[in-house]
Every structure is written in structure tokens, then in C-alpha cells.
**Q** 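One structure, pasted below without further comment.
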Amino acid sequence: MSPIGSLLWRHSRVVQVYGSNTDVGKTVITSILCNATRKIWKDEKTAYLKPISTGPRDEADQNHIARFTTGVSYGNLFQYGEPLSPHIAAKGNVISDDRVLASVYEYASRRAAAGPGWLFIETAGGIHSPGPSGTPQADLYAALRCPVVLVGDWKLGGISSTISAFECLKIRGYDVESIVLFNHDRFGNSDYLKEYFMEKHGILVAALPMPPKRAPRRKDNELMQAYYLHASQVPEVKETLKRLDDRHSSRIKALENSAADAHQKIWYPFTQQSLLQPKDILPIDSASGNHFQTLVPESPTAPSEKPLLQPSFDGSASWWTQGLGHGNSSLTLAAAYAAGRYGHVMFAGMVHKPALDLATSMLEITQNPRLSRVFFSDNGSTGMEVAVKMALRAARTRYGWSADTKIDILGLKGSYHGDTIGTMDCSEPNTYNEKVEWYEGKGVWLDYPQVQCVAGQWQVQIPSEFDAGRQHGFSNLSDIFHLDQRIARGEHKKYEAYILSTLQRHLDEGRKFGALILEPVVLGAGGMVLVDPLFQKTLVDVVRNNASIFGSDSLSTNSPDDKMWSGLPVVFDEVFTGLYRLGRPMAASFLDTHPDISVHAKLMTGGLVPLCVTLASESIFDAFASEEKSDALLHGHSYTAHPVGCQVALESLKKLQSMDKTGDWAWAKPDGWLEADDVVIDSDVPQTNPRVWSIWPLTFVHWVSLHTTKVAGVWALGSVLAIHLRASDGSGYTSTAAEGLRQRLLAGVKNESSGVVERTLEGSRQRSIHNG
């Protein structure tokens, strides 16, 4: 089902009414608000919606609205006859969350089209009362992002339930604009809550007179009519509605002014701002699941009932950090727990449970017998800085080089490991670093074969210096990852020869290498390039099996399976590719090899908070052992092992592992990616040359690859889709080849209300549209 937008129109105010508990008077208070809007905004329309209702139809809440309001439209979308919780009443007739939301949006859209007015949407039961599918309402309706009137609990114990309900909504990103409850003289909840919410949150609490006690039908009608006539004119009701109206206008004004304000105040990353105009800046009101809610560009011809927001697919997973979707409540709760329990703890000679548990989990997930130590930092670039420090010290110590020896790294062309000075120096000259004053590229970067689907055929495209520019075709992507079969055929020999000859040439020139640094399988920021996995495996094997060429080393071993590093420390930058990005826990598993140092971030915390870990072997760790403090790894951050980040990471990893084990991605695997006789093996069992799969349909990938006039190639693996475009304006990061496509994606398909937000990569070797 297509995603829906948040409920925001210029002249139609949509308010959601939540109850802090059952039986707190939501319908009565909503009736008061409806009556009051009819008196204050006489020329506008007022409507009431109860999306889900249970119990006999003649006792439904909308009947109460019909009886005790005047000129108010009312509706009910789904009615279950049993007076039970919706998830029980709906058994045998479960309505999906998507259908509920789409139906609410459709109803609200019709009301907006009818002209200026108000729509009050009343939920069922309390904050966490489940909907038909069993999803708690606080999660079910979150994507609508309606301002909320919370009906407080006036009964004994109601102070606690009201505050708890407020916090549950707040933690899910709701704007609770007002709290309304009945003023019961005996319990006095309203007096306490007024002071509490005004002092803590600056929120108005309206205390309304108690409704009359139930009476026989005719008398009851008379009493309630009189009650509503009085209650709808209480000053606090008018003040509540005025606040809702003001906040509605303020929200729209802030959204519409945000691009111009940002243009004047914000310095954007990776952006030439002299070319940026306010119209190029996209205001985002909220995010939920895989979509942003983005401001629809204003048009002089647009009708007044046009929605101000549209859902826009987060096409680059917010710089590849989102794995469990925006607004994931389990991650939010994990963050809140750690924030409340710890805040932040200085991490020098101390330990807290989230950090220790995360260290244990990461070492287990890697299934790498070499790794035994975990160093915490705050993002991928700094995590790679740490990795480089570790590797170079280990090499210098083992080979006995002096502290002033110039040491290079060995890597791949087009690779990129971050924007801090140290990691910049680990990449060849490119647009990112060519005008950075302190940049000094310290390395040798090898060319490599890459994988693409071209005109329906999977190819390994080999550089000319390897094999006269030949292209090797494969029937499917899985065959490219069958490394043992390819090695048996001798396909690695030409790679081995190229690597050895290149290394020997630079070593003969007097160069010294301190580390091999790779982004396993995929080069991310450098152009979203799928590297032939056989080449990367061969490169690691050559480095480890030819230790003597790098220096005199009595500790060296020729066994690549040994826990002690050999030849050079091997560093894998899995900041982008790791943690199920490519369909498996670790990208290293595709290469059937284990690094000595491994760096992980992005998906680790599901995009909620920044955190990074650098994992290292004991032999790397031992290189820093000394009686001198100056020999230690003197690196750290104020927020090292931030408890909030660690707790969120634990929750994110738990969710990802659960999805893998319970087969949440099984739907994608038979879609042509796995052959008919393939068996999907439990991911906990290490596999040599594992089969590959993608959430992107193979038929779609092949279809895109047939557009050879505009598409140079395409590939998909795990959650990643990369479309490499042909550029008429030359290669390089400054290419504008994808700009037209980016604009069309953002605008959306004709007659559809949603678009795609993506960050185009115009890399030094390829131009690509990507989704992470």
C-alpha cells in the first residue's frame, strides 16, 4: 500500500484525542470541543471521526456526537460488534495498520476538501490500547503526526496514568498541545496536573466541570444538553482551542520559512552553498518507517485544500544509517532507558553494562576468531582513525621502524574512509580532499575489477593492465561469489600476479607499508562500486602469505588462519557494508577471510544516535603494551562508549539478528537470486562462498540494466541498489549526470503523492543512484 502523508492542511486543523486511560471521558470532552468550535468558528465546518469502535452500533460514540452536537459531521471507519479490545474483537477480520491509516487519511482529505474547519479524531481506550492488528495505538497513529489533546484521568491514581500517558506520547514524537480532564473535587488531580505540566512542560491543563450522573434516557438527554451548553463556553475550553489554532498556524509558518532561514544560518555538509538556493532545501516535518514527511512546494495554482506534506521515501536511508526505520519505538525506549539510568559516563578506567554487553555482542556477531578487543568512538571516520593508529603502530613495532619512518597504507582506488585528516590521507587524491590544506595522500591504491549487470548479463569488468580490458560473464551474481570454484579454475592467478608485481615495484622504490585497508565487497562514498570479491580475497591472501617482502619479521607466519597478523595488519572498513547491509552479519564473510581490525557504525544504532566500534585482535592490542603511558593508544572522545548509544546499539542488533533468524527477509531470497536447489542455511553457521540475495527484485535489476543508453550498469546486494549512469559531462564527483533524475524522484510519479529523497553519489570512478 502507498505511504500516506501527515494530516496537515492549511485551513483544516486535525486534532487527535487520546485518553490517558479507559473511561476518562474522551467522547464527552471531544463533544465539548466540537460544540465550542461551532460557536467560535461559525463559518467553518467541524467533524468527528472514531476510526475504530467496538460494541453495539447503537451504543457507538459517534451516536453520542450526533445526539449532543449541532452541525458536526461524524464518522466511523471500522465497527466491531463485540464490546472488547479491538485486537480481540477483530479476530477473523483483522484490518491492517496500513489500511487503518489510509482510511483515516482519506476521511481527513475529504473533510479538508469540504473547506476550512476542524476534525477531531478520537482514539479507542488508552494510549497503548491495541488496534485491530494488535499494534498499540501510540505506534499505530504516530505516522499521522497530529497534534494531540490528551484527556487526563480524574480518578484515583489518575495523576500517575496521565503523566505516564504524556511521556509515552512524547517519546514517540507526538506534540501534546493540551491536557483536558474533569475537575473532581475529591481527588483534585487537576490542581496537581496544572502545576506539574505548566512547570515541567509549559502545557495548559484545562479542568472542566464534571458531567451529570447518568439518568433515565429522556432526563439524561436534558441534563447532558444543559451540560454541553455550559461546558462549551468555559474559558479554558476556548483557551485550549485558541492554543490549537495558534500552534497549527505556527507549525505551517515554521515549515514554510525553514528553508529560507536555513539558507542564511546553516553550513551544509558536502554542499557548494554558493549554488544552493532556498528552493533547493527540503523542509522535513517528521519521519516514520521508510519515509520523511516533506513540505510540498507551494504553487500559486494549487487549491487551498492541497495537503502541505507528502511522504517521501528515504532513498539513501539517511546516509545509510537507517536499518529499522525512522521513529522505531523500541530504539527510542532503549535510548530513554539509558539516558535516564546513566546520562553519560566518562569512559576511562570505568565500565557500564551497555558498553560491556555491546562489546560482547559485537565480538560474537563477527564470528572472527582473530578479534578480541573493542574500542569505542563516535562515528565511522573517527573509528577508522583509531584503526589506522592501531595498524601502523603494530607494523612499526614488529618491523622495528623508527618513529619518524614514513609509512604508507595499501588500499584500492576510489576507496574513502572518512573526512578526518588521518583517514583522508588513506585515500588517493579526489574531490573530497584535493583542496584540504593538510592532505598528504600516504598510500598506494590498486586498481581492481568491478561487478555490474549490463544488458541483463552479470559481468566482472577487468582493468586493461590485468587482462587487456576483458569482461568475464557469469550467469548470475551468486556464481561471482563462489570463490572456491573460481580459485579452482585459476581465476585468481592474474589478480595475484598484478598485486605482487605492483607491490614489488613500490617496495623496490623504498616504500614501507603499515596496513592493508579495504571496504569489503562495496566501496561506498567513492562511488558505490561492487568490487570483485575474488580480487579482494586474493589481495588479503597475497599480503598475508608473502610477509617477508614487507620487512624482517621473526614473528611472521604464513598461515592466514593464525590469530596473529601476518605481512600487514588487515583493516576492514565495514562502516557502510557491515551488519546485514549486504544481507549477512558481516561483509567479510563474502570474502571467506577474517580481518585483524574491523570498524563498524551506521546500522549498528539504527540511525538514532552516533556510535562506532573498532574491533582488534590481541596481537594488535599487544603492540601498545608498555610500562610507558606514552606508548598507549592515546585516543578518545568525550562521549566514548556513550551509554545511550551502546544501549540503542544493543537493541538494534537484537532486532536485526531476530529478523535474520526468524526469516523476515525470506520473501526476498527465492526471487530469482537463489537457485531452485539452494538451501538457506542458518546465518549463525559460517559459510564458504555463501549464496547472495537482495530485497530488490532480480527482474527489476535486469530491466534497469537493459537501458544501456543511459545506464552503464547496475547491481543489487542485500538492501543496496546501485545504478551507474552514463555521464556526458565527464566523470568525477562534480558530474551533474544524476541531477535531473534526482529532481524527478523527489517530485514523485505523476498522480502520486509521494516522492523519493536521495543523495546522489557522483564518485571519482562512477556516477550512481543508490539506496541503502
Side-chain angles (χ1 to χ4, degrees), residues 3-4 6 16 18 20 97 101 123 126-131 133-148 150 160-177 197 200-201 203 284-293 311 314 317-345 352-355 357-358 361 378-379 579-580 601-612 639 641-659 664 772:
I4 63 163
S6 293
Q16 198 160 21
Y18 267 107
S20 56
D97 293 349
L101 293 177
T123 59
I127 296 298
H128 283 304
S129 294
S133 71
T135 301
Q137 289 181 111
D139 292 325
L140 170 59
Y141 294 118
L144 300 177
R145 297 300 175 198
C146 297
V148 168
L150 175 61
S160 176
S161 62
T162 303
I163 294 173
S164 296
F166 170 82
E167 291 178 349
C168 285
L169 291 171
K170 197 73 175 176
I171 210 169
R172 285 167 173 77
Y174 285 89
D175 290 324
V176 180
E177 302 292 5
F197 279 104
K200 297 279 189 181
H201 303 285
I203 293 177
I284 293 177
D285 180 70
S286 63
S288 180
N290 296 323
H291 292 80
F292 298 121
Q293 293 295 333
D314 182 3
S318 288
W319 267 331
W320 319 318
T321 63
Q322 293 291 325
L324 299 171
H326 294 278
N328 186 289
S329 59
S330 64
L331 298 186
T332 308
L333 289 169
Y337 167 79
R341 188 176 184 95
Y342 299 99
H344 180 52
V345 176
H352 48 76
K353 192 173 187 297
D357 287 353
L358 179 58
S361 293
D378 56 354
N379 62 71
L579 300 173
Y580 298 97
K602 293 193 183 293
L603 283 179
M604 187 168 63
T605 58
L608 189 61
V609 288
L611 188 72
C612 181
Y639 285 90
H642 186 211
V644 174
C646 291
Q647 193 69 46
V648 170
L650 284 167
E651 183 66 21
S652 178
L653 294 175
K654 183 178 77 173
K655 291 283 186 184
L656 290 169
Q657 287 178 295
S658 175
M659 293 171 72
D664 279 31

**Q** Is there a side chain to side chain contact (heavy atoms under 4.5 Å, CB included) between Leu324 and Leu608 once you walk through the steps?
**A** CA-CA 10 Å; Leu324 299 171; Leu608 189 61; over 6 Å; no
**Q** Looking at Lys654 and Glu651, is there a salt bridge between them, counting it only when a charged N and a carboxylate O are closer than 4.0 Å?
**A**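 Yes, charged N to carboxylate O under 4.0 Å.
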**Q** List the residues meeting ring pair (Phe, Tyr, Trp, His ring centres under 6.0 Å) with His352, not counting sequence neighbours, and say none if there are none.
**A**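 Residues passing ring pair (Phe, Tyr, Trp, His ring centres under 6.0 Å) with His352: Tyr342, Phe347.
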**Q** Quick one: pull up NE2 in His291 and CG in Asp314 and give me the separation to the nearest 0.5 Å.
**A**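 Between atom NE2 of His291 and atom CG of Asp314 there are 9.0 Å.
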**Q** Is it true that a side-chain atom of Ser164 and a backbone atom of Ser160 form a donor plus acceptor pair closer than 3.5 Å?
**A**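 Pair found, side chain donor or acceptor close to backbone of Ser160.
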**Q** Side-chain contact test, heavy atoms from C-beta onward, threshold under 4.5 Å: evaluate it for Asp97 versus Asp139 and give yes or no.
**A**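 Asp97 vs Asp139: side chains apart.
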**Q** Side-chain contact test, heavy atoms from C-beta onward, threshold under 4.5 Å: evaluate it for Gln16 versus Thr123 and give yes or no.
**A**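 Yes - at least one pair of side-chain heavy atoms lies under 4.5 Å apart.
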**Q** Just wondering, do Leu603 and Trp320 contact through their side chains at under 4.5 Å, heavy atoms?
**A**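 No, every pair of side-chain atoms sits at 4.5 Å or beyond.
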**Q** Side chains of His642 and Asp378: does their closest heavy-atom pair fall under 4.5 Å?
**A**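 No; the side chains remain at least 4.5 Å from each other.
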**Q** Is the side chain of Gln293 donor-acceptor paired with the backbone N or O of Ser6 at a distance under 3.5 Å, no angle test?
**A**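 Judged by distance alone, yes, a pair lies under 3.5 Å.
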**Q** OG of Ser129 to OH of Tyr18: how many Å apart, nearest 0.5 Å?
**A**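 Interatomic distance, Ser129 OG to Tyr18 OH, rounded to 0.5 Å: 10.0 Å.
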**Q** Does Tyr639 have more than 12 heavy atoms from other residues, nucleotides or ligands lying within 6.0 Å of its OH?
**A**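 No, not enclosed.
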**Q** Please check: side-chain N/O of Tyr174 versus main-chain N/O of Ala138, any donor-acceptor pairing under 3.5 Å?
**A**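 Here the side-chain-to-backbone pair exists.
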**Q** Would you call Thr162 and Phe197 a side-chain contact if the rule is heavy atoms closer than 4.5 Å?
**A**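 With C-beta onward as the side chain, the pair touches.
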**Q** Between Arg172 and Leu333, is there a side-chain heavy-atom distance shorter than 4.5 Å?
**A**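 Heavy-atom side-chain distance check passes, below 4.5 Å.
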**Q** Specify the closest pair of heavy atoms between Glu177 and Pro147, including all atoms of both residues, with the distance to one decimal.
**A**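 Scanning both residues, the minimum pair turns out to be CG-CB, 3.7 Å.
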**Q** What's the shortest heavy-atom distance between Leu331 and Ser652, and which atoms?
**A**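 Closest approach of Leu331 to Ser652, heavy atoms only: CD2-N, 3.6 Å.
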**Q** Heavy-atom distance under 4.5 Å between the side chains of Tyr580 and Met659, does that happen here?
**A**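 Heavy-atom side-chain distance check fails, nothing below 4.5 Å.
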**Q** Whether the side chain of Gln137 engages the backbone of Gly126 through a donor-acceptor N/O pair (distance < 3.5 Å, no angle test) should be reported.
**A**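 Present.
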**Q** Are the side chain of Lys602 and the backbone N or O of Trp319 linked by a donor-acceptor pair below 3.5 Å?
**A**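 Yes, because the side chain of Lys602 sits within donor-acceptor range (under 3.5 Å) of the backbone of Trp319.
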**Q** Looking at residues at least two apart in the chain, or sitting in another chain, which of them share a salt bridge (charged side-chain N to carboxylate O under 4.0 Å, His left out) with Asp357?
**A**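 If we apply the salt bridge (charged side-chain N to carboxylate O under 4.0 Å, His left out) test to Asp357, skipping adjacent residues, the hits are Lys353.
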**Q** Mind checking whether Ile4 and Leu144 have side chains closer than 4.5 Å, heavy atoms only?
**A**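 When only atoms from C-beta onward are counted, Leu144 and Ile4 do touch, with a gap below 4.5 Å.
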**Q** Shortest non-hydrogen contact from Ser361 to Leu650?
**A**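 Heavy atoms only, the tightest pair is OG-CD2, 3.7 Å.
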**Q** Please give me the minimum heavy-atom distance between Pro354 and Pro643, naming the atom from each residue.
**A**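 Minimum heavy-atom separation between Pro354 and Pro643: CB-O, 3.9 Å.
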**Q** Pair Ile127, Leu150 - check side chain to side chain contact (heavy atoms under 4.5 Å, CB included), show working.
**A** CA-CA 9 Å; Ile127 296 298; Leu150 175 61; 4.1 Å; yes
**Q** How long is the gap from OG on Ser318 to NE2 on His326, to the nearest 0.5 Å?
**A**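 Spacing of OG (Ser318) from NE2 (His326) equals 3.5 Å.
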**Q** Is the backbone of Val609 close enough, under 3.5 Å, to the side chain of Thr605 for a donor and an acceptor to pair up by distance?
**A**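 Yes, because the side chain of Thr605 sits within donor-acceptor range (under 3.5 Å) of the backbone of Val609.
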**Q** Ignoring hydrogens, what is the shortest heavy-atom contact between Ala336 and Ile171? Give both atom names and the distance.
**A**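 Shortest heavy-atom separation between Ala336 and Ile171 comes out as CB-CD1, 3.3 Å.
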**Q** What closest approach, in Å, do Val176 and Ile203 show between heavy atoms, and which atom pair accounts for it?
**A**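 Looks like O-CD1, 3.4 Å.
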